[in-house]
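One structure below.
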Amino acid sequence: MAAEPILRLQGLTKRFPGVVALDGVDLDFADGEMHALAGENGAGKSSLIRLLAGIHRPDAGRMTLAGAPYAPASPLDAIRAGIRVVHQEFNLLPALSVAENLLFERLPRRRLGFVDRRAMERDAEALLARVGLAEVSPRTPVERLGIAQMQLVEIARALSSRGRVLVLDEPTATLTPREAGRLFEQIRLLKQGGLTMVYVSHHLAEIFSLCDRVTVLRNGVKVETSRTADTDPGALVRQMIGRTLAAQAPQAGAPLGREALRVEHLRPRGAPPGAGLDFSLRHGEILGLAGLVGAGRTEVVRAIFGADPIAGGRILRDGRPVTIRSPRDAVRAGICLVTENRKEEGLVLPMAARVNTTLARLAQVTRAGFVRRGAEREATVRMTAELAIRLSGPEQPVVQLSGGNQQKVVLAKWLFGDDAPVLMLDEPTRGIDVGAKAEIYALLGRLAADGRAILVVSSELPELMHLCDRILVLSRGRLAGEVARAEFSEERILSLAYSQFMQTE
Amino acid sequence: MSASNASSPIGTSPSRGGGLARRALREAGIGLALLAMVVFFAAVAPDFTTHENVANILTQITINLILATGMTFAILIGGIDLSVGAVMALCAVVAGTVLKLDSLSDPVAIALGIAASLAVGMACGACNGFVSSFWRVPSFIVTLGMLNVARGAALEVTNARTIYDFPDSFTAFGTASVLGVPVMFVLALLLLGAGWVVLTRTVFGRMIYAIGNNEEAVRLSGHRPFVFKVLAFTVTGLCVGIAALVYMTRLTIANPILGIGFELNAIAAVIIGGTSLSGGRGSLVGTLLGAAIIGVLANGLILMGVTDFVRQIITGLVIIGAVILDSYRARLAARGGA
Amino acid sequence: MDRRSFLAACAAAGTLAAAPGFALAQGTGAQTGRKPVVGLVMKSLANEFFKDMQEGAVRHVQERGDLTLIPLGIQSETDIDGQIAAVENLITRKVDAIVIAPADSRALLSPVVRAIHAGIKVVNIDVAFDPASMKKHGVDIVFVGPDNRAGARMSGDVLAKALGRGGKVVIIEGNPGAENGVQRKLGYTDAISAGGLTLVDSRTAHWETEEANTVFSNMLTAHHDIQGVMSANDSMTLGVVKAIDAAGRSGQIKVVSFDNIPAIQPLLKDGKVLATVDQFGAQLAGDGIDNAMKEIAGQTLTGWIRTPLKLVTA
């Protein structure tokens with residue numbers, strides 16, 4: 001690539017509290033090329049796109065667009081400069097027509113501010129033709145379009161202003177293979193038209209069939225940029241994982257007990273038909289659930305917990321089938337869930353630590369329908385000490401606590417009353433600082449040693465490999481495989497996680 | 001960050017002072033507003049502080065206080081009840097019809113009339129709660145429907161006629177007083193006190209606050225918010241039934257068009273009292289102060305000779321002011337300011 | 001109330017029967033066809049007064065037997081749109097005449113003028129259309145109704161006589177903006193100036209018993225020396241009398257009223273209310289229908305046909 005790159009990133013750095021999302025990334029995008037970004041969840045792809053789109057501003061480094069400094073202060077700045085981003089979630093207004101959506105930012109006006117409908121529809125038709133949607137009338141309300149058509153409308157909208165760089169973030173995530181195929185055709189046509197594109201996808205096959213070059217990011221750092229012709233999927237996966245971490249010393253853990261939880265043909269709501277899940281979990285065991293974002297991990301634990309209705313399957317607790325239609329049923333069967341979003345689903349934020357600690361086991365501190373406040377405070381003080389929660393007192397609202405301490409309160413909620421033989425945790429350390437993480441790991445180890453059965457969902461492979469006795473890997477809602485501790489390697493787990501994406505569609 | 005190192009791990013003192021002081025502070029503001037109002041009216045309207053006028057005010061706020069007590073339950077759990085005025089009319093005309101049954105002796109008729117009013121109120125409330133939480137319809141809409149249903153039923157029951165001439169032993173309560181305080185107001189205070197105990201001391205109260213703040217977290221902690229929502233609206237309905245009886249003893253009539261707009265006064269009392277319309281935050285102490293502010297305002301402005309229209313404007317401004325104040329409090333709470 | 005209405009009460013409470021709303025009650029002879037059809041557009045049937053009026057009209061039509069009546073009501077006193085829709089409905093159904101008690105003396109005029117242009121005879125009852133607006137539309141619709149102002153004057157005069165010159169009185173007004181309320185207030189002030197009374201305060205209680213009770217107790221605190229009350233309807237009077245009782249001043253403060261509803265009778269008997277005015281609402285719609293029939297028969301009626309008012313005293 002001898003020519004001057006159209007977009008150049010130099011030393012781009014973005015920090016969020018507790019995390020370095022991007023760490024000194026240098027990257028060139030050549031004029032007219034199609035450049036893929038690859039990497040694990042949290043590798044920094046999304047942060048990079050947000051910087052390009054003007055949603056966030058870099059903490060260090062600079063960007064150059066066609067030779068001129070590029071420092072967008074807002075998404076509007078980015079659009080004006082010619083960088084258009086098609087985000088994973090649609091930003092369409094469903095009730096409005098295709099034409100109105102396409103030209104929303106610059107509706108053709110007549111005098112007195114009236115919209116010039118004819119001009120608008122004419123412009124819209126031209127745009128639709130560019131993405132191969134000539135058959136769609138500009139007057140159609142967007143809500144009547146199919147998903148693929150919406151995706152194309154999003155792209156057409158991105159093309160509506162003179163763009164120099166088009167960023168596509170997981171454009172095929174919601175598409176069927178056939179729809180994706182149609183989209184690829186249009187993308188190839190745009191590429192032939194000379195448009196520079198940045199393409200983000202988990203689908204390695206797509207990257208290899210569409211893109212000229214691919215850059216791998218890991219932990220916010222650029223690993224390597226290579227021509228797709230010169231590399232292969234296996235090499236890419238290795239780059240995404242990085243050096244193979246030395247296998248962690250296995251936990252001393254007590255010998256495993258009998259089976260605590262068994263799941264047969266479980267199909268969470270929205271799971272693909274025929275994708276029933278079977279697995280079991282024993283007392284004293286820590287089982288991991290790995291997979292890419294959208295692989296259906298959260299859906300599995302929510303289904304077991306009764307948080308969402310299930311499409312099929314059955315659940316056995318200590319060998320006996322249990323019917324779980326609500327979290328209440330699950331809690332009664334001794335199954336607990338530390339949810340992914342502790343703020344929205346785990347805690348009553350504005351209320352006191354005391355209230356949150358006893359929320360799931362209120363009966364332990366009540367008599368005849370009255371809350372025994374003394375007993376409740378005592379219980380809170382005890383749990384606070386046990387889990388080393390930093391708290392000014394039982395009356396402190398949990399909203400004032402740090403993420404790690406909030407998460408410990410959620411754990412206290414389930415552990416108080418000592419009635420949680422099966423404990424499931426969804427991303428237990430997300431947004432938590434390193435110290436609290438270590439404490440939670442240690443706590444989970446202790447709980448397993450006490451004979452509890454623990455199921456952990458996490459996007460961080462090192463975390464799972466550190467904690468678990470076994471890891472189940474999900475790929476697109478299916479159980480792709482199981483890895484025993486002795487065989488733990490990120491490469492093995494990731495290739496299983498990608499297994500449903502590798503097959504050419 | 002600041003939160004995590006705010007203090008050492010627990011164990012030193014179960015500091016209950018923090019929470020109480022914070023709560024007291026919230027209501028102190030409303031109390032001060034009320035006090036300022038009282039001082040102002042006492043200064044400009046000489047009759048304001050007479051014993052008769054104070055008794056008048058207490059009588060006048062009684063019905064609203066009872067309705068607002070029930071409304072506090074509905075709002076705290078994250079709902080609202082627009083049907084209280086209409087349901088009150090239905091309670092009154094059903095109870096009034098029972099009271100007028102010739103075949104019953106007075107004591108029996110009174111007992112049955114009271115039971116009928118409470119039963120009708122609770123049934124309508126339970127219905128509101130059930131429909132809105134079972135089908136996940138906003139209670140705003142459900143109770144708007146109930147408003148029409150109850151009003152229509154009240155008209156149907158009476159054929160639009162006023163029921164009057166109740167037994168004296170029944171209406172005697174309306175004007176009775178102990179130590180110069182109207183008996184009905186004492187009743188309202190007792191009700192409010194009972195409500196306060198329920199909200200602050202019982203499992204039911206705990207669930208109301210928790211659900212009002214974060215229903216999903218409560219559900220995912222293994223509870224059934226549905227049950228508590230139905231119960232909360234039933235309490236609202238119970239209060240409506242009681243308010244209807246107070247109306248009947250005080251005015252010795254029951255007619256199907258009574259109580260129009262009472263829901264708005266009750267909501268205003270709750271909101272002025274600092275309870276958040278989005279639920280989970282507030283108290284009955286605030287509601288008491290809110291109802292008192294509305295009553296004092298209406299009374300004092302008439303004593304001052306302010307015209308009807310200006311009086312309406314001022315009342316509206318006070319409500320808006322209270323909501324603005326509440327948004328400041330909400331922002332303070334979000335910042336975690338203790 | 002008797003046992004039957006108690007059972008009705010229970011049934012209604014149990015099933016939560018729907019509001020009456022647009023009642024299309026129908027008398028006899030709906031299918032006769034050749035009889036003239038008269039539409040009766042009422043105000044809110046939730047109001048006892050109009051309910052009586054409508055029932056009186058239905059009875060009256062049964063007695064006459066020579067016409068078909070279509071009575072239409074509205075949801076609330078101020079539901080102007082509902083009345084406009086009702087008039088339009090009757091135009092579409094090509095009735096021969098419309099008898100209307102307008103919810104607003106101006107807003108209802110244009111649909112009514114449309115009815116006149118469609119060849120429908122129109123008779124105005126209860127509250128008169130605004131004369132200036134009628135002139136602008138070039139119509140002169142006959143008004144059949146009581147003189148609210150004169151009625152209030154009669155009631156007010158009773159109070160003036162009882163108190164003597166210099167007596168201090170207050171007025172409890174109806175809804176501000178309601179024509180009959182305005183007329184009654186005018187009648188009361190006529191009586192006040194003629195009788196040499198002093199008007200201390202005048203406030204609305206929106207026709208409502210509880211509000212009248214509250215408002216009047218507060219007026220009483222502000223003006224200890226009130227000797228008399230002129231209340232624009234009996235429902236409010238019920239609240240006023242309770243306030244007087246509660247203040248322990250029964251017998252000292254005299255009250256006059258308007259409407260003569262059943263619930264006021266015991267108070268008249270006890271002397272707690274000196275007088276009220278009966279405007280024979282039950283017959284009013286009947287009178288309107290009689291005049292509509294005259295117009296259908298070819299007579300042309302204009303101006304104000306006053307219906308009787310009667311002062312009711314103990």
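Worth saying up front: this structure is predicted, and the values here are computed from it rather than measured.
The main-chain N or O of A/Met351 is never found under 3.5 Å from a side-chain atom of B/Asn213 such that the two would form a donor-acceptor pair. For B/His223 (side chain) and A/Pro327 (main-chain N/O), no donor-acceptor pair under 3.5 Å exists by modelled atom type.
Counting only heavy atoms from C-beta outward, the side chains of B/Val197 and A/Phe370 approach each other to under 4.5 Å.
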Would you check, one step at a time, whether the test side-chain contact (heavy atoms from CB on, under 4.5 Å) holds for B/Met207 with A/Leu362? CA-CA 10 Å; B/Met207 285 298 151; A/Leu362 203 50; 3.6 Å; yes
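Nearest heavy atoms, A/Thr339 versus B/Leu220: CG2-CD1, 3.8 Å. For the pair B/Ser221 and A/Lys413, the tightest heavy-atom approach, listed with the atom from each and the gap, is OG-NZ, 2.9 Å. Here the closest heavy-atom approach between residue A/Glu344 and residue B/Glu216 is recorded as O-CB, 4.3 Å. Scanning all heavy atoms of the two residues, the minimum distance from B/Ala217 to A/Val348 falls at CB-CG2, 4.4 Å. Listed here is the closest heavy atom pair of A/Glu345 and B/Asn214: N-ND2, 4.3 Å. Closest heavy-atom contact between A/Val371 and B/Val203: CG2-N, 3.9 Å.
With a 4.5 Å cut-off on non-hydrogen atoms, A/Glu376 touches chain B through its side chain but not through its backbone. Contacts of A/Ser326 with chain B are absent, with no heavy-atom separation under 4.5 Å from either backbone or side chain. With a 4.5 Å cut-off on non-hydrogen atoms, A/Ala352 does not touch chain B at all. Contacts of A/Glu378 with chain B are absent, with no heavy-atom separation under 4.5 Å from either backbone or side chain. Contact of A/Arg302 with chain B is made through the side chain alone, with heavy-atom distances under 4.5 Å.
Few gaps surround CZ on B/Arg201; more than 12 heavy atoms of other groups in view lie less than 6.0 Å from it.
With rounding to the nearest 0.5 Å, the separation of OG1 in A/Thr358 from CZ in B/Arg206 is 5.0 Å.
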